[in-house]
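Worksheet for the structure shown next.
Residue numbering restarts at 1 for every chain, and letters A, B, ... go by the order of the sequence lines. In this text the structure is predicted, and so the values were computed from the model without any measurement.
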2 protein chains.
Amino acid sequence: MRYRTVIVDDHPIVISGIAGLLTDLENIEIVEKFESGVALLDYIEDNKVDLILMDIFLPIINGVDLCKTIKQKHPKIVIIGMSSQSERSLVMQFIQNGGNGYILKNASFDEFKDCIYKAIDGEIVFSEEVKTIISQPLSEDLERIPGLSRRERDIALLLSQGKSTQEIADNLFLSFLTVQTHRRNILQKYKMKNVAELIAFLLKNNMLN
Amino acid sequence: MRYRTVIVDDHPIVISGIAGLLTDLENIEIVEKFESGVALLDYIEDNKVDLILMDIFLPIINGVDLCKTIKQKHPKIVIIGMSSQSERSLVMQFIQNGGNGYILKNASFDEFKDCIYKAIDGEIVFSEEVKTIISQPLSEDLERIPGLSRRERDIALLLSQGKSTQEIADNLFLSFLTVQTHRRNILQKYKMKNVAELIAFLLKNNMLN
DNA sequence: GCTCTTTTACCTGAAATCAGGTAAAAAAAA
DNA sequence: TTTTTTTTACCTGATTTCAGGTAAAAGAGC
């Protein structure tokens, strides 16, 4: 079986580069190339596609949303994201929205080949550098951030559930004033202006749960 | 080379079950079994370990935190998470904290074997059911949730950055009262009590960015 | 034993949010 | 073109948060 493959990238040079790499691959047939997501969305409505290699930074509609939209209608299409540089949260978001893998564009030909074959085989794949990005950062990112104490985490968790100071006090059998103090201490510890910013910060850094 | 492997699970029955599966595997040597994370943390300080299979739901310290702690000091140890049932965010969190893979306990022997060998080989692996969990749910989960309008998303984004109503109004060149109306509409749309709960909800459902 | 951190608790006043209402212009969809 | 959704805007009052203090008891670490 030959996999009908589409490439989406807003840089024509990158498209031809990837196309060049892929022509060497057995059973990968490049059927179309696009420079934007909307053109791709039109195309897949009328044509059979098995594999999509897409840049994440695209004009109009970004790669994450594009992937989500495609997967909702065509869950069987294998989608691999690509970008020149990236960060952890972007990669995770792409996977959470149905992506089957993520490759940095500086990956070697062998990495590309490996990842594509494995993705077709049903695996979720990452190029080497992506793997380090999604797992290593915590050693630098999170180590310097002082953690929440147990009580503070309890309170932060209830805050993220929309509880008011009074409700939290009732919930934890504490004085209203005590909870108020904890709230202020947490905000000051991370220099946050209010609970909204705090919750966003804590969730992005995986400090709740 | 034989991989020195440790199993951590608070159900002795599960430990023996997994141990049984693994004895059949070439070059996997089970050197120790633990029922809690603290015992494991002590052990790895004094003994060489290559691979850890750990339950995610553990007493005292949970699997995600345990994985994070271990990886900070011993990034080369391969850690695979396991649980009986799971949800997307938990799996993603585990991976973001350095985990090399995630397997549901109902996976077949072949899946276990495959995942373990691939993880040792440097891949990030998921058992079949985990793959569907992390990618499929969006088609049911998110489709029924009404989206934010463009203006609403602008405002929600600024809220997540800790901006006050007045600051948002200045930022978007709107009246204070207009922003106030948008805030209320967003809260009512998702039946949220306050911005804190709203931000948590939006971030967990990838509705910001 | 001593020290530092955490948890508990209280007071006050300004600022901001939340909840209820209404309504009209503009834009998008049917 | 008509209808619906979105965006804009105003009013009021109760509730809540935020920021500034202080301080003592309990627990963890040295």
Measure the angle between the two terminal helix axes of the helix from C:dG1-D:dC30 to C:dA30-D:dT1, five base pairs each, and quote it to 10°.
80°
Testing A:D170, A:T165, A:L172 one by one against A:V179 for a side chain to side chain contact (heavy atoms under 4.5 Å, CB included), which residue passes?
A:T165
Round to a whole Å and report the spacing from CG of B:L198 to C1' of C:dT17.
13 Å
Given B:K105 and B:D55, is the salt bridge (Lys or Arg N to Asp or Glu O under 4.0 Å) satisfied, shown in steps?
CA-CA 9 Å; B:K105 284 181 187 171; B:D55 190 20; 3.3 Å; yes
Have a look at B:I79 and tell me which of B:I70, B:L53, B:L51, B:N97 forms a side chain to side chain contact (heavy atoms under 4.5 Å, CB included) with it.
B:I70
At what distance, to the nearest 0.5 angstrom, does NZ of B:K204 lie from CD1 of A:I199?
9.0 Å
Select one nucleotide: of C:dT7, D:dG21, D:dT7, the one nearest the side-chain heavy atoms of A:R150.
C:dT7
Within this structure, what is the CZ-OG1 distance for the pair B:F126 and B:T132, rounded to the nearest 0.5 Å?
12.0 Å
To the nearest angstrom, how far is B:I155 atom CD1 from D:dT6 atom P?
13 Å
Distance-minimising heavy-atom pair for A:F57 and A:S83:
CE1-CB, 3.9 Å
Minimum-distance nucleotide to A:S149 side chain [options: C:dT6, C:dA9, D:dC10]:
C:dT6
Please confirm whether the shortest side-chain N or O distance from A:S175 to OP1 or OP2 of C:dC10 is below 4.0 Å.
yes
Calculate the interatomic distance between B:K189 atom NZ and C:dA19 atom C1'; express it in whole Å.
18 Å
Contact list (N/O, under 3.5 angstrom) for nucleotides 14-17 of chain D vs protein:
residue, atom, partner, partner atom, Å
D:dT17, OP1, A:T165, N, 3.2
D:dT17, OP1, A:R183, NH1, 3.0
D:dT17, OP2, A:T165, N, 3.3
D:dT17, OP2, A:T165, OG1, 2.7

Ring geometry between A:Y190 and A:F201 (parallel below 30°, tilted from 30 to 60°, perpendicular above 60°):
tilted
Distance, rounded to the nearest Å, where B:N185 contributes CG and C:dT22 contributes C1':
13 Å
Report the C-alpha distance between A:Q96 and B:M92 in whole Å, list the side-chain angles of each, state the deciding distance to 0.1 Å, and finish with yes or no for side-chain contact (heavy atoms from CB on, under 4.5 Å).
CA-CA 8 Å; A:Q96 281 177 45; B:M92 300 314 262; 3.3 Å; yes
Specify the separation, in whole Å, of atom CG of B:L172 and atom C1' of D:dT7.
12 Å
Contacts of type salt bridge (Lys or Arg N to Asp or Glu O under 4.0 Å), residue B:K189, not counting sequence neighbours:
B:E152
Report the C-alpha separation of B:K118 and A:E123 in whole Å, then their side-chain angles, then the decisive distance to 0.1 Å, and conclude whether the salt bridge (Lys or Arg N to Asp or Glu O under 4.0 Å) test is met.
CA-CA 11 Å; B:K118 282 174 179 164; A:E123 286 183 45; 2.7 Å; yes
For A:R151 and C:dT8, is the shortest distance between a side-chain N/O and OP1 or OP2 below 4.0 Å?
yes
Round to a whole Å and report the spacing from CZ of A:R184 to P of D:dT22.
11 Å
Starting at atom CD of A:E197, determine the distance to atom P of D:dC18, rounded to an integer number of angstrom.
11 Å
Tell me: NZ of A:K193 to P of C:dA15, nearest whole Å?
18 Å
Distance test, side-chain N/O of B:H182 to OP1/OP2 of D:dT7, below 4.0 Å
no
Has B:T178 got a side-chain N or O lying under 4.0 Å from the OP1 or OP2 atom of D:dT8?
no
Of the options D:dG20, C:dA19, C:dC11, whose atoms approach the side-chain atoms of A:L177 most closely?
C:dC11
